[in-house]
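Worksheet: one structure, shown below.
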Amino acid sequence: MTDAPKSVTILGVTGSVGTSTLDLIERNPEGFRVEALTANSDVEGLAKAAIRTRAQLAVIGDESRFAALQQALSGSGVEAAAGAGAIAEAAARSVDWTMAAIVGCAGLSPVMEAVRRGGTVALANKEALVSAGSLMIEAVAAHDATLLPVDSEHNAIFQCLDMAALDKVRRIILTASGGPFRTASREAMASVTPEQAVKHPNWSMGAKISIDSATMMNKGLELIEAHHLFPISEQRIEIIVHPQSVVHSMVEYVDGSVLAQLGTPDMRTPIAHSLAWPQRMDTPCESLDFAKISRLDFEQPDLDRFPALRVAREVVIADGAKPAIFNAANEIAVAAFLERRIGFLDIVTVVEAVLHGYDPSVPASLDDVFAIDREARLRAQEWIKAKAA
Ligand code: NDP
Ligand code: MG
């Protein structure tokens, strides 16, 4: 890349996507200037990244770790800050490009700050978009921001979709690996442990998205994400299981042409696409060895074994408050499963119970979204407590 350095902020730098983003940036020191880096509790990872990249600012979400961060950064010249508000303020700083890689709805305020600033936001944090939905898309338009999809499927669609010929799109086909329990029976899934569930067959990711992949809740969140990112009706977004994770998603046009984006399952490819967009940049990602892969398999998803897909379809149709409830209840249920407070199959049961338990009005503001998110979390916690009692 030969242009002036791009100024960048990475929200969630210590996570899986954050680390991959940092890797690409550190391989191109002339191409980028780091403004702010954020994490929640990993002081050491944050401080090391900030010192190495000579960031202006490092922010830790957990305020009790502020002193530790200050100490880790002392003498480095990197400014330190702490708290959720400070993360949102960091996101509001003027930069060319922001990576939104915080996990969960905790990332919503910072993403919205970055959007309101009108820059380019590379979105990995799907929960933020699922929760805020059209409010986020409206803010992107109102502030002339650019939202680039980092999720591998949505990045693939973005690369294949001709925005000038949307009326000529027959369907979008979202691929799903099927996760570690693709062929497992419901009986077998009933007793799986967090250790088994986080072991994704193709991708190395954070714990929450790994569990979402195992329940296929991830594909449900991605269906809602796709519905907001691309102006294509929900009926024309299909999900197909593709165990090799080589075809990252496809777009079919009315003439029968299907355009797909392929690559090895390495998040650095979609991150690099967003980082260099509208140009391209080198990555160390392996080339696909087609002779070695030799075959690509596709199968219909099984809605009986993976009811999360059926629930997500209901949610995307209902819209309104439902996507925020769906996401919040799932975040609580995944955390409870990781803490061994509920079983694997309970995750979707909790989500459905909370979804069907009440019907708040359509959120008209971000505050409404936060209120819906809070109540759904409380209801999910109550369900989990009642089950344990
Ligand atoms: P990780 O759990 O690996 O990382 C999450 C990051 O967010 C960490 O930097 C963490 O800090 C920070 N964080 C966690 N909670 C909070 C909080 N309450 N406030 C502020 N920061 C917080 O997640 P991933 O990198 O796997 O995923 C990040 C997002 O990207 C998710 O939305 C996921 O769905 C999406 N995504 C991830 C993919 C992947 O391959 N991993 C693929 C596609 C999408 P700390 O380390 O200090 O806890
Ligand atoms: Mg994905």
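Start at 1 and go down the list; that is how both ligands and their atoms are numbered. Residue numbers start at 1 and run along the sequence shown.
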Would you sort out whether Thr264 and Asp266 count as a side chain to side chain donor-acceptor pair (under 3.5 Å), showing the intermediate values? CA-CA 6 Å; Thr264 46; Asp266 186 329; 5.4 Å; no

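- Relative orientation of the Trp277 and Phe158 rings is tilted, given thresholds of 30° and 60° on the angle between their planes.
- Residues of the protein with a heavy atom under 4.0 Å from ligand 1 are Gly12, Val13, Thr14, Gly15, Ser16, Val17, Ala39, Asn40, Ser41, Asp42, Ile87, Ala101, Ile102, Val103, Ala106, Ala124, Asn125, Lys126, Glu127, Asp151, Met205, Gly206, Ile209, Met267, listed by chain and number.
- Hydrophobic clustering of Ile, Leu, Val, Met, Phe, Trp and Tyr side chains at less than 4.5 Å, counting indirect connections, unites Met217 with Phe306.
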Residue pair Asp346, Lys387: steps toward the salt bridge (Lys or Arg N to Asp or Glu O under 4.0 Å) verdict: CA-CA 10 Å; Asp346 292 331; Lys387 185 168 193 250; 2.8 Å; yes

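- If you look at Glu153 and ask which of its N, O or S atoms sits nearest the Mg ion (ligand 2), the answer is OE1.
- Donor-acceptor pairing under 3.5 Å is recorded for the side chains of Ser245 and Asn202.
- Checked against the Mg ion (ligand 2), the N, O or S atom of Asp151 at the shortest distance is OD1.
- Side-chain contact of Asp255 with Ser257: a donor-acceptor pair under 3.5 Å is present, judged by distance alone.
- Between the Arg313 side chain and the Glu234 main chain, a donor and an acceptor come within less than 3.5 Å of each other.
- Atom OE2 is the N/O/S atom of Glu222 found closest to the Mg ion (ligand 2).
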